Amino acid sequence: MRIDILTLFPEMFDGPLTQSIMKRAMDKGLVEMKFHDIRDYTLDKHKKVDDYAFGGGAGMVMTIQPIADLIDKLKSEHTYDQIIYMTPDGQRFDQRIANTLSLAQNIIIICGHYKGIDQRIRDMYVTQEISIGDFVLTGGELAAAVVSDAIIRLIPGVMSDETSALTDSFQDGLLSPPVYTRPADYKGRKVPEVLLSGNQAKIDQWREEQAYDRTKQLRPDLLDE
Ligand code: ADE
């Protein structure tokens with residue numbers, strides 16, 4: 001999979017997507033991430049990438065030209081399954097969307113700043129608009145990193161234990177059951193007996209019950225869906 005990120009702050013991705021499992025996915029060649037600095041594409045002699053909003057009001061709007069030229073260039077080189085714009089007014093991101101996007105070959109993710117991007121970019125190019133929650137970030141970068149991480153870990157071969165992504169919270173519509181590791185007794189707090197029993201059928205049944213109970217208690221809305 002190839003993910004092209006369009007941003008005014010490419011350095012913001014240095015941390016989250018260059019460590020641990022994400023780094024391994026790239027090293028193995030399972031994912032290619034390209035970070036494009038939108039400012040490199042502006043034709044403005046002062047390197048401006050934003051301007052005042054027509055109609056007035058506080059906040060600047062990212063201009064069409066550099067983003068459109070960059071997308072046109074990328075589209076002339078690759079075919080994209082989706083051109084995504086990160087925005088708080090987009091569709092709420094969830095595991096279902098992550099699953100679908102993990103099947104894509106090439107995607108573009110546009111990160112907005114200030115008051116956002118000119119609506120005409122959204123009308124002309126964007127095929128999917130995604131929000132990571134009902135709050136406003138200073139820009140789309142952190143949201144794009146969240147979405148990229150959630151997608152990449154689902155690509156076959158990225159996780160060392162192939163099944164582990166399948167047993168995540170939400171994959172079956174339920175939260176995950178509690179997990180324990182050694183020691184079996186920590187200052188009198190014991191691991192549930194069943195997990196030490198060696199009886200796999202019983203353990204599986206216990207985990208299922210715990211997952212259901214936890215979901216019912218913490219996220220009953222998931223059971224309604
Ligand atoms: N950009 C700013 N806030 C955002 C959010 N909540 N989700 C996605 N992109 C954003």
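Because the structure is a prediction, the values reported are computed rather than measured. Order of listing sets the numbers, starting from 1, for every ligand and every atom in it.
A salt bridge between Arg120 and Asp118 is present, with a side-chain N of the basic residue lying under 4.0 Å from a carboxylate O of the acidic one. Classification of Arg122 and Asp89 as a salt-bridged pair holds, one side-chain N sitting under 4.0 Å from a carboxylate O.
Between Gln119 and Asp123, the side chains place a donor N or O and an acceptor N or O closer than 3.5 Å (distance only, hydrogens not considered). Between the side chains of Glu129 and Thr87, no donor-acceptor pair of N or O atoms lies under 3.5 Å.
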For a quick test of your reading: what N or O donor-acceptor pairs under 3.5 Å do the side chains of residues 40-47 make, sequence neighbours left out?
residue : atom : partner : partner atom : Å
Thr42   : OG1  : Asp44   : N            : 3.1
Thr42   : OG1  : Lys48   : O            : 2.8
Asp44   : OD2  : His46   : N            : 2.7
Asp44   : OD2  : Lys47   : N            : 3.2
Asp44   : OD2  : Lys48   : N            : 3.1

Table of N or O contacts for ligand 1, cutoff 3.5 Å:
residue  : atom  : partner : partner atom : Å
ligand 1 : 3 (N) : Leu137  : N            : 3.0
ligand 1 : 6 (N) : Gly133  : O            : 3.2
ligand 1 : 6 (N) : Phe135  : O            : 2.8
ligand 1 : 7 (N) : Ile132  : N            : 3.0
ligand 1 : 9 (N) : Thr87   : N            : 3.2

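Using a 4.5 Å cut-off between side-chain heavy atoms of Ile, Leu, Val, Met, Phe, Trp and Tyr, with links allowed through other members, Leu218 and Leu222 fall into the same hydrophobic cluster.
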